[in-house]
Amino acid sequence: MSRRTVYTLLLIICIVGFWLFENFYTPDTYSVKDKSKKEEKIDNILYPSSTYGNIVSHEYYTFSYSEPHEQAEWVAYSLKREHLTNDDRRRPYFIEDPEVKSKSADWRNYRGSGYDRGHLVPAGDRRFSEQAYNETFYTSNISPQDRDFNAGIWNRLEQQVRYWCKKYGDLVVITGGILERGLEEIGEEDVDVPRYFYKIIYRETADGVEIISFVMPNQESDLPLQDFVVTLDEIERQTNIDFFYEQPKDWQNQLESRVELSNWKF
DNA sequence: CTGACAGAC
DNA sequence: GTCTGTCAG
C-alpha cells in the first residue's frame, strides 16, 4: 500500500469516527459545562421557598428536590413567546440528574408501576433548543401521574398555558405535585405518587401582576379547567411552600388571596 | 400534544 | 441495558 493510500484511509476513518460520535454518542448529562450562560434564569424574587434546602438550576429551569419523595417539590421556569416552537426533536432517555447530589430517582421505578413518567416542565414548552428539550428528561423533572390524567386534563392545562403565552406574552410557571405524608410509593426507591398537582402562572401587565393557580386531582376529568382554579393561599396551605416569599408582605396579601378569572381568557 | 411497550441488538 | 418502531388517549 502506498503512503498516499494509508493517509487517505486514516482520513476516512477520522471522518467516519467523528460522524459516529456526533450522531450516536449520548453523554450522561444534558447540561452545558459553562454555567455562565444561564441567561434564562428567572428573577430570584420569583422563586418559592425550599422545604429541603436543595435548589438546583439548569439552563432553562430551576427546581427544589425532595429526597424523601424522590421528586421535585416545585419546578419554576419562564415561558417566552419565542419558546413556542414546534421543532421536531428526538425523545432522549430519562437519566438521573447529575446536579442532584443525593441522586434523583432512576426511571425504572416507574416501569410497570401503572403510572406515567409525567413531565413537570413540559417537553412541549422546551422545543426551541435541543438542550432545553433534553433537560426536561432528567428524572428530577418527572412525577408519577395517572395515564389518563397526564394525557388528558393536565395536558389540556399545559396547552392552555401555551395559549396564554402566545396571547399575553412572557409567563413564569411554577408547578409540582403536592407532597404529603403517607402517599402511595412505587419502585425500589419508593417514589411518592402525589394525589394532587398544582400549577401557578404569573405574568406582568401594564398595571402590575396577574396570577392564576390550579390544583387538580391525579385523575382524568371532563370538567372545564376553570373548575380547578384556587387561590395561591390555598396551594400554600396544602404544600407548606411559601411562593413569592421574597416579595413584600402586602404584595403577597393582595395577590395570593384572590382569584381574578376575568383576566385570563380560556 | 401526552406517553407506554415489545422486540431487536 | 439500550434503542427503534409502533401504538394509544
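Every chain is numbered from 1 and lettered A, B, ... according to where its sequence line falls, protein lines coming before strand lines.
- The CG-P distance, from A:Asn141 to B:dT2, rounds to 12 Å in whole Å.
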Show me the side-chain donor-acceptor pairs of residues 139-149 of chain A shorter than 3.5 Å, one per line, residues at least two apart or across chains.
residue  : atom : partner  : partner atom : Å
A:Thr139 : OG1  : A:Ser104 : OG           : 2.6
A:Thr139 : OG1  : A:Ala105 : O            : 2.7
A:Ser140 : OG   : A:Asp97  : OD2          : 2.5
A:Asn141 : OD1  : A:Val121 : N            : 2.8
A:Asn141 : ND2  : A:Val121 : O            : 3.1
A:Asn141 : ND2  : A:Thr136 : O            : 2.9
A:Ser143 : OG   : A:Gln71  : OE1          : 2.7
A:Asp146 : OD2  : A:Asp148 : N            : 3.0
A:Asp146 : OD2  : A:Phe149 : N            : 3.1
A:Arg147 : NH1  : A:Asp116 : OD1          : 3.4
A:Arg147 : NH1  : A:Asp116 : OD2          : 2.5

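- Under a 3.5 Å cut-off, the side chain of A:His83 and the backbone N or O of A:Asp170 do not form any donor-acceptor pair.
- Looking only at distances, no side-chain donor or acceptor of A:Tyr202 sits under 3.5 Å from a matching main-chain atom of A:Phe244.
- The side chain of A:Arg108 approaches C:dG1 more closely than any other nucleotide in the set B:dT2, C:dG1, B:dC1.
- Less than 6.0 angstrom separates the ring centroid of A:Trp154 from the ring centroid of A:Phe197.
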Atom pairs, N/O to N/O, protein against nucleotides 5-8 of chain B, distance under 3.5 Å?
none

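- Regarding contacts with the backbone of B:dT2, every side-chain N or O of A:Asn150 stays at 4.0 angstrom or more from both OP1 and OP2.
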* To do: Take A:Asp87 and A:Thr85 through the side-chain hydrogen bond (donor to acceptor under 3.5 Å, both in side chains) test and state the conclusion after the steps.
  => CA-CA 6 Å; A:Asp87 299 10; A:Thr85 69; 3.2 Å; yes
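- By the side chain to side chain donor-acceptor pair (under 3.5 Å) test, A:Glu184 pairs with A:Tyr115, sequence neighbours left out.
- Looking only at atom types and distance, the side chain of A:Asn155 has a donor-acceptor partner in the side chain of A:Gln159 under 3.5 Å away.
- At a non-hydrogen distance threshold of 4.0 Å, nothing from residues 159-173 of chain A comes into contact with DNA chain C.
- Taking the centre of each ring, A:Tyr30 and A:His58 stay at or above the 6.0 Å mark.
- Of the candidates A:Asn263, A:Leu261, A:Val259, A:Leu261 is the only one forming a side chain to side chain contact (heavy atoms under 4.5 Å, CB included) with A:Ile212.
- Remark: aromatic rings of A:Phe214 and A:Phe228 are distant, center separation not under 6.0 Å.
- Between A:Leu120 atom CG and B:dG3 atom P there is a gap of 10 Å when expressed in whole angstrom units.
- In this structure, A:Asp88 places its CG atom 8 Å from P of B:dC1, rounding to the nearest Å.
- For A:Arg90, no side-chain nitrogen or oxygen approaches OP1 or OP2 of C:dC3 to under 4.0 Å.
- For A:His119 and B:dG3, the shortest distance from a side-chain N or O to OP1 or OP2 is below 4.0 Å.
- In this structure, A:Ile95 atom CD1 and C:dT2 atom C1' are separated by 13 Å, rounded to whole Å.
- Of all nucleotides listed (C:dT4, B:dG3, B:dT2), B:dT2 comes nearest to the side chain of A:Arg127.
- Within the 3.5 Å criterion, the main-chain N or O of A:Glu185 finds no donor-acceptor partner in the side chain of A:Asp192.
- Regarding A:Tyr93, its OH atom lies at a distance of 10 Å from the P atom of C:dG5, rounded to whole Å.
- A donor-acceptor contact under 3.5 angstrom links the side chains of A:Tyr77 and A:Asp125, judged on distance only.
- Within a heavy-atom distance below 4.0 Å of DNA chain C, no residue of residues 214-230 of chain A is found.
- The shortest non-hydrogen separation linking A:Gly177 to A:Tyr198 is O-CE2, 3.8 Å.
- Two rings, from A:Tyr47 and A:Phe243, have their centers 6.0 Å or more apart.
- Look at CZ on A:Phe94: it is 7 Å from P on B:dA4, rounded to the nearest Å.
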Anything under 3.5 Å between a protein N or O and an N or O of nucleotides 6-9 of chain C, put it in a table, one pair a line.
none

